[in-house]
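To find a chain, count down the sequence lines: A is the first, B the second, and so on, and within it residues start at 1. Note that the structure is a prediction, hence the values are computed from the model and not measured.
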Amino acid sequence: MGLPSTDVRIATWNINSAKARQARLIEWLDRAEPDVVCLQETKLADDAFLELFDEDLFRRGYRVAHHGDGRWNGVAILSRDTLDDVARGLPGDPGFPGPEPRAIAATCGGIRIWSLYVPNGRTIDDPHYAYKLAWLAALREVVAEATTQGAVMTLGDFNIAPTDVDVWDITQFEGATHVTPAERAALAELVDAGLIDVLRARWPDDVVYTYWDYRQLCFPKNLGMRIDLALATADVAGRVRAVWVDRAARKGVGTSDHAPVIVDLDTAPDGDIGPMVPPPSSGSSAGQSAPGRTSSTGTGPRRR
DNA sequence: ATGCCGCGGCCTCCGCGA
C-alpha cells in the first residue's frame, strides 16, 4: 500500500427484518458509509437475503456473508474491506432444541469479526433463559480460543444490559431478564477472556441506549436500553477513535427498534504506535480508549 | 415533533421481541 492507510468504520445493527428494512438499510449504508457491518435479526434464509440485497451491496462494494434459515434470527456480515474465512454458527451451540442462526464470523481487515444475536431469554423461569446462559457459555469458549489467535471483535445484540446505567429505570426490571447477575456474569467472563466494551471504555459515564421498545413512546421519551455491544481485544480497543450510537437511524417511519452502534478505528499500527496524544487528565484505563478526535459525534440523550 | 408496536407467517390471530 503506497497510500496512507485509511481508517476503518465498523458497525452493528439489529435491523428487525432485512425485508422490512431494505430501503432503510441501503439509505443508512449510503449515509454512514461503514466498511464492515454486522447485522442481526435479518429473518431471512441465505438465498432470500442475497436475492434482496446482492445487487445493491455489490454496487456499493460490499461482500456479503449471511447465516439464516427464514423466519427468526439470521445474522450477516457485510464488508467492503476483506471478508475471509467465513464461519457460520456458534461452535458448541446448545440449540433450542437445535442450533439457530445466531452467529457468523469472518476476518475483515485483519480482525476476526463476529456478528452475534444472543438469545433473548424471555423470562427467568423460561427454558429460553437457561438456553441463553448456555449459549453465552459456548460463546465464552469461542472467544477464549479466538483471542489467542489475534485481534477479535464480537458485535451484536447481546440482550444484556451490562450495568444498571444501561437501562432507563432499573426498578422496572425487577425479576426480568437482561439485567440478572447470571447474565452480567456471562458478559464479565467475555471481558475476562480479553474483550473490552469499547463504548463504555470511551464513554465511562454517559447514558447511552441502543434499543427502545416500539410501544408507549419509548424512543421519544428515551426509555431505552444498551444491549447492542461492540467488544474488542485490547489491540483493537486501543485503536478506537470514536464510538457512538446512530440515533438518527431509529427516527421516523419504518425503523428497527434498535439503532446502530458505530466504531471508528485508527489505522492498524503496523509498527507505528499511532497518534499517542495523551488525554489531558488520564482517568481511563490504559489501552482501553483513544482520545476522541470526533467526540462531538456524541452519545447519550440529547434533550432540547 | 423522535409521537403512543411491529415483524413474519401458522394470515383477521399467534409467536416473538425485552
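- Distance, Glu41(A) CD to dG9(B) P: 14 Å, rounded to whole Å.
- Tested against Asn16(A) for a side-chain hydrogen bond (donor to acceptor under 3.5 Å, both in side chains), the candidates Glu41(A), His258(A), Lys43(A) yield a single pass: Lys43(A).
- If you check every strand for non-hydrogen atoms under 4.0 Å, Asp157(A) touches sugar and phosphate atoms only.
- Within the 4.0 angstrom heavy-atom criterion, only backbone atoms of the sugar-phosphate kind lie near Tyr117(A); the bases stay farther away.
- Counting non-hydrogen atoms under 4.0 angstrom, Gly121(A) reaches nothing in the nucleic acid.
- In this structure, CZ of Phe49(A) is placed 14 Å from P of dG8(B), rounded to the nearest angstrom.
- Expressed to the nearest 0.5 Å, how far CD1 of Ile104(A) lies from SG of Cys38(A) amounts to 9.5 Å.
- Every salt bridge (Lys or Arg N to Asp or Glu O under 4.0 Å) that Lys132(A) has, sequence neighbours left out, goes to Glu183(A).
- Arg250(A) comes within contact range of no nucleotide atom at all, as no heavy-atom separation falls under 4.0 Å.
- Within a 6.0 Å sphere centred on CD of Glu174(A), other residues, nucleotides and ligands contribute 12 heavy atoms or fewer.
- In the region residues 159-179 of chain A, proximity to DNA chain B at under 4.0 angstrom, judged on heavy atoms, holds for Asn159(A), His178(A).
- Place Met225(A) and Val253(A) on DNA chain B by their nearest nucleotides, and Val253(A) ends up nearer the 5' end.
- With both ends at atom P, the span from dC7(B) to dA18(B) equals 14 Å, rounded to whole Å.
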Protein-nucleotides 5-7 of chain B N/O pairs closer than 3.5 Å?
| unit_1 | atom_1 | unit_2 | atom_2 | d |
| --- | --- | --- | --- | --- |
| dC5(B) | OP2 | Gln216(A) | N | 3.2 |
| dC7(B) | OP1 | Arg21(A) | NH1 | 3.4 |
| dC7(B) | O3' | Ser17(A) | OG | 3.3 |

